[in-house]
Chemist: 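One structure follows; several queries about it will come next.
Just follow the structure's listing: the first ligand is 1, and inside any ligand the first atom is 1. Nothing here was measured: the structure is a model prediction, and the numbers come from that model. Position 1 is the first residue of the sequence; numbering continues from there.
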Amino acid sequence: MQTQTVQLFRPSPSANAAQRWSVADVEALFKLPFADLMFRAQQVHREHFDPNVVQLSTLLSIKTGGCSEDCGYCPQSAFHNAGVENSKMLDVDAVVQAARAAQQAGADRFCMGAAWREPSDEDMQSVVEMVKAVRAMGLETCATLGMLREEHVAQLKQAGLDYYNHNLDTAPEFYGEIITTRDYQDRLDTLERVRKAGMHVCSGGIVGMGESVTQRAGLVAQLANMEPYPESVPINNLVRVEGTPLENAQELDPLDFVRTIAVARITMPKARVRLSAGRQQMSEAVQALCFLAGANSIFYGDQLLTTGNPEVERDRALLDKLGMYPFAEQNH
Ligand code: SAM
Ligand code: DTB
Ligand code: SF4
């Protein structure tokens with residue numbers, strides 16, 4: 001019984017180097033008995049991480065709304081009517097102020113997000129200043145700005161950006177049902193440019209958009225087969241925002257969300273797996289299961305980009321209750 005279970009956790013022997021995990025292998029993980037899946041995820045997690053430490057990333061929307069992409073989940077798309085007000089880009093001082101507050105609250109990474117298909121040359125000048133300023137404060141920097149051309153990647157690298165977030169979001173076969181204004185290859189191309197420039201890659205996806213288990217496995221296999229796989233893997237539970245095409249998507253069973261975290265942990269053993277959007281709608285018990293499944297990062301702060309996130313005090317209380325502590329405080 002035990003032997004059979006262990007075999008399932010390995011990539012199939014026939015898989016070539018670029019295809020360490022077949023979709024079928026990953027799907028088999030999803031279908032394991034819950035206790036077996038959790039046990040294996042814990043084993044892998046403890047081989048590589050202190051299970052009581054959680055990395056805290058604070059998000060800031062530096063340019064909100066009016067995006068020219070049609071992502072079906074996103075309240076910031078100009079194609080939908082989610083009541084998000086378009087804003088101008090924040091100035092560097094406002095960003096520094098928010099980063100300082102995040103650092104004081106205990107965050108170790110600060111992620112700047114913009115509702116762009118891709119930044120313009122002019123946008124990049126401001127972003128470079130923001131990255132330099134936040135980095136000078138001793139915070140890890142992350143940005144998510146849409147697609148990047150070669151020269152923009154080089155500018156970010158030069159500014160000292162530590163991580164670039166660019167999600168694959170779902171399986172290639174399901175992508176066209178969610179987004180029509182770009183294709184999967186565009187995402188892969190940007191990720192490759194970021195990787196080649198020597199920046200850390202943050203890439204994950206969204207579950208609960210009506211995808212099948214096979215498609216959920218397809219997303220994880222895509223991420224896990226990247227060479228190397230991303231250092232940071234955000235797993236978002238769809239926030240169903242009124243006015244977006246996915247506002248009435250069928251809610252995912254919370255245990256299937258936990259399974260997704262566990263499968264990401266097993267297939268990407270050394271990655272920071274982030275329990276991302278959707279935490280405000282999640283019970284503490286489900287969040288605790290996500291940590292048991294190998295999540296070791298969260299978005300920290302009352303706001304994601306346009307939607308809410310648990311308050312800092314609530315998260316502190318939850319971590320205390322679980323005997324967990326922030327990465328930034330582990331040596332104190
Ligand atoms: N515009 C850039 C892009 O799409 O790459 C960066 C910002 S975009 C808002 C970053 C990510 O937020 C998306 O890739 C998606 O995974 C996530 N996201 C957006 N809306 C969401 C929602 N309603 N629920 C969960 N995640 C969401
Ligand atoms: C990621 O994977 N999730 C974050 C971050 N990367 C940029 C964004 C979540 C956005 C949720 C919807 C909103 O607040 O607008
Ligand atoms: Fe634009 Fe990013 Fe939202 Fe898509 S997810 S509409 S690219 S802000």
Side-chain angles (χ1 to χ4, degrees), residues 57-87 89 109-119 123 127 142-148 152 163-170 175 178-184 186-191 194 201-211 219 223 230 232-249 251-252 257 260 264 271-282 295 297-310:
S57 288
T58 293
L59 274 172
L60 178 68
S61 181
I62 60 166
K63 161 69 184 84
T64 307
C67 183
S68 62
E69 302 268 27
D70 70 351
C71 313
Y73 45 77
C74 186
Q76 303 199 69
S77 166
F79 289 80
H80 320 320
N81 291 310
V84 170
E85 224 174 284
N86 299 354
S87 72
M89 187 169 11
R109 192 179 303 171
F110 190 70
C111 181
M112 293 157 272
W116 291 323
R117 171 178 165 84
E118 60 191 332
D123 296 331
V127 172
C142 178
T144 182
L145 316 168
M147 293 185 262
L148 293 181
H152 292 164
Y163 288 80
Y164 193 71
N165 167 249
H166 200 61
N167 291 337
L168 290 181
D169 280 325
T170 192
Y175 204 73
I178 304 294
I179 301 150
T180 69
T181 49
R182 59 169 187 259
D183 57 33
Y184 216 69
D186 293 326
R187 294 309 260 189
L188 295 170
D189 290 348
T190 291
L191 287 171
V194 169
V201 168
C202 172
S203 188
I206 311 181
V207 293
M209 299 195 292
E211 72 285 347
L219 164 68
L223 294 166
S232 223
V233 179
I235 305 292
N236 296 278
N237 198 6
L238 175 70
V239 181
R240 294 170 300 162
V241 181
E242 216 182 304
T244 63
L246 289 174
E247 66 176 321
N248 295 317
E251 195 180 342
L252 189 70
F257 185 81
T260 311
R272 285 256 162 221
V273 176
R274 182 170 309 116
L275 162 54
S276 301
R279 270 197 320 116
Q280 201 174 39
Q281 294 75 20
M282 221 174 263
S297 169
I298 54 172
F299 284 124
Y300 180 66
D302 309 357
Q303 176 101 346
L304 292 167
L305 292 173
T306 64
T307 65
N309 196 45

Chemist: Could you tell me whether a side-chain N or O of Lys63 sits under 3.5 Å from a main-chain N or O of Gly113, the two making a donor and an acceptor?
Modeler: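 Between the backbone of Gly113 and the side chain of Lys63 there is no qualifying donor-acceptor contact (under 3.5 Å).
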
Chemist: Less than 4.0 Å is my threshold; does some heavy atom of Gly113 fall inside it relative to ligand 1?
Modeler: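 Outside the 4.0 Å threshold, so no.
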
Chemist: Is Gln76 close to ligand 1, meaning an N/O of one under 3.5 Å from an N/O of the other?
Modeler: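 Not met; the criterion fails.
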
Chemist: Would the distance check show the side chain of Asp70 and the main-chain N or O of Thr180 forming a donor-acceptor pair, the cut-off being under 3.5 Å?
Modeler: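 Yes.
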
Chemist: Can you check whether Phe299's main-chain N or O pairs, donor with acceptor, with Ser57's side chain at less than 3.5 Å?
Modeler: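 A pair under 3.5 Å: no.
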
Chemist: With a 3.5 Å distance limit and no angle check, can you tell me whether Glu211 reaches the backbone of Met209 through a side-chain donor-acceptor pair?
Modeler: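 Looks like yes, one N/O pair under 3.5 Å.
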
Chemist: Hey, is His80 touching ligand 3 through its side chain, its backbone, both or neither, going by heavy atoms under 4.0 Å?
Modeler: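 The answer is neither.
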
Chemist: For side chain to side chain contact (heavy atoms under 4.5 Å, CB included), just list the numbers for Cys71 and His80, CA-CA rounded to whole Å, side-chain angles, deciding distance to a tenth of an Å, and then say yes or no.
Modeler: CA-CA 9 Å; Cys71 313; His80 320 320; 5.6 Å; no

Chemist: Looking at atom 2 (Fe) of ligand 3, is any protein heavy atom nearer than 4.0 Å to it?
Modeler: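 Protein heavy atoms within 4.0 Å of atom 2 (Fe) of ligand 3 - there are none.
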
Chemist: Using the rule given for side chain to side chain donor-acceptor pair (under 3.5 Å), can you reason through Arg109 versus Ser232, listing the C-alpha separation, both sets of side-chain angles and the distance that settles it, and then say yes or no?
Modeler: CA-CA 12 Å; Arg109 192 179 303 171; Ser232 223; 3.0 Å; yes

Chemist: Can you check whether Pro75's main-chain N or O pairs, donor with acceptor, with Thr244's side chain at less than 3.5 Å?
Modeler: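 Side chain of Thr244 to backbone of Pro75: no pair is present.
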
Chemist: Using 0.5 Å steps for rounding, measure from the CZ atom of Arg117 to the CZ atom of Arg182.
Modeler: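 Between Arg117 CZ and Arg182 CZ, I get 8.0 Å after rounding to 0.5 Å.
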
Chemist: Considering only non-hydrogen protein atoms, determine which one is nearest to atom 9 (C) of ligand 1 and report residue, atom name and distance to 0.1 Å.
Modeler: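 Its nearest protein heavy-atom neighbour is Leu305 CD1, 3.4 Å.
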
Chemist: Would you mind running through ligand 1 and noting each atom that sits below 4.0 Å from a heavy atom of Ala114?
Modeler: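 Matching atoms, with element in brackets: 1 (N), 2 (C), 6 (C), 7 (C).
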
Chemist: Does Met147 offer a backbone N or O that forms a donor-acceptor pair with the side chain of Asp186 under 3.5 Å?
Modeler: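 Flag not set: sc Asp186 to bb Met147 has no pair under 3.5 Å.
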
Chemist: Kindly confirm or rule out an N or O of Val239 lying under 3.5 angstrom from an N or O of ligand 1.
Modeler: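 By distance alone, the answer is yes.
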
Chemist: Look only at the side chain of Ser77 and the backbone of Glu69, and say whether a donor-acceptor pair between them is shorter than 3.5 Å.
Modeler: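 Yes; at least one donor-acceptor contact below 3.5 Å.
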
Chemist: Distance-only, no hydrogens or angles: does the Asn236 side chain make a donor-acceptor pair with backbone N or O of Gly205 under 3.5 Å?
Modeler: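 Such a contact is found between Asn236 side chain and Gly205 backbone.
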
Chemist: Considering only the protein, which heavy-atom contact is closest to atom 20 (N) of ligand 1, and what is its distance?
Modeler: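 Closest protein heavy atom to atom 20 (N) of ligand 1: Tyr73 CD1, 3.4 Å.
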
Chemist: Write out the residue and atom name of the closest protein heavy atom to atom 12 (O) of ligand 1, then the distance separating them to 0.1 Å.
Modeler: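 Nearest protein contact, heavy atoms only, for atom 12 (O) of ligand 1 is Asn167 ND2, 4.6 Å.
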
Chemist: Can you tell which of Ile206, Leu246, Asn237 gets a heavy atom nearest to atom 17 (C) of ligand 1?
Modeler: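 Nearest heavy atom to atom 17 (C) of ligand 1 lies in Ile206.
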
Chemist: For Glu247, state whether at least one heavy atom is located under 4.0 Å from any atom of ligand 1.
Modeler: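 Judged by the 4.0 Å heavy-atom criterion, Glu247 does not count as contacting ligand 1.
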
Chemist: Do any nitrogen or oxygen atoms of Asn165 come within less than 3.5 Å of a nitrogen or oxygen of ligand 1?
Modeler: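 By distance alone, the answer is no.
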
Chemist: Please walk me through it: do Thr64 and Leu305 pass side chain to side chain contact (heavy atoms under 4.5 Å, CB included)?
Modeler: CA-CA 8 Å; Thr64 307; Leu305 292 173; over 6 Å; no

Chemist: With rounding to the nearest 0.5 Å, note down the distance linking OH in Tyr184 to CG in Leu168.
Modeler: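 It is 4.0 Å, given to the nearest 0.5 Å.
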
Chemist: To the nearest 0.5 Å, how far apart are CG in Leu145 and CD1 in Ile62?
Modeler: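 CD1 of Ile62 is found 6.0 Å from CG of Leu145.
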
Chemist: When only distance counts, is Arg182 in polar contact with ligand 1, meaning an N/O pair under 3.5 Å?
Modeler: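 No, Arg182 has no N/O under 3.5 Å of an N/O on ligand 1.
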
Chemist: Can you tell me the protein heavy atom closest to atom 16 (O) of ligand 1 and the distance?
Modeler: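 Answer for atom 16 (O) of ligand 1: Asp169 OD1, 2.6 Å.
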
Chemist: Determine whether a donor-acceptor pair (N or O, by modelled atom type, separation under 3.5 Å) exists between the side chain of Asn309 and the backbone of Gly301.
Modeler: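 Yes; at least one donor-acceptor contact below 3.5 Å.
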
Chemist: Just by distance, do the side chain of Arg240 and the backbone of Ala249 share a donor-acceptor pair under 3.5 Å?
Modeler: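 At least one qualifying donor-acceptor pair exists.
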
Chemist: Listing residue and atom name, which protein N/O/S atoms are closer to atom 4 (Fe) of ligand 3 than 2.8 Å?
Modeler: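 Listed by chain and number, the atoms are Cys71 SG.
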
Chemist: List the protein residues in contact with ligand 2, where contact means a heavy-atom separation under 4.0 angstrom.
Modeler: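 Shell around ligand 2 (4.0 Å, heavy atoms): Leu59, Pro75, Thr144, Asn165, Asn167, Pro234, Asn236, Phe299, Leu304, Leu305, Thr306, Thr307.
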
Chemist: For atom 6 (C) of ligand 1, which protein heavy atom lies nearest, and how many Å away is it?
Modeler: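 Of every protein heavy atom, Thr144 OG1, 3.1 Å lies nearest to atom 6 (C) of ligand 1.
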
Chemist: Nearest 0.5 angstrom please: Asn167 CG to Ile206 CD1, how far?
Modeler: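 Between atom CG of Asn167 and atom CD1 of Ile206 there are 7.0 Å.
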
Chemist: Which of these, Glu69, Glu118, Arg187, has its nearest heavy atom closest to atom 3 (C) of ligand 1?
Modeler: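 The residue whose heavy atom sits nearest atom 3 (C) of ligand 1 is Arg187.
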
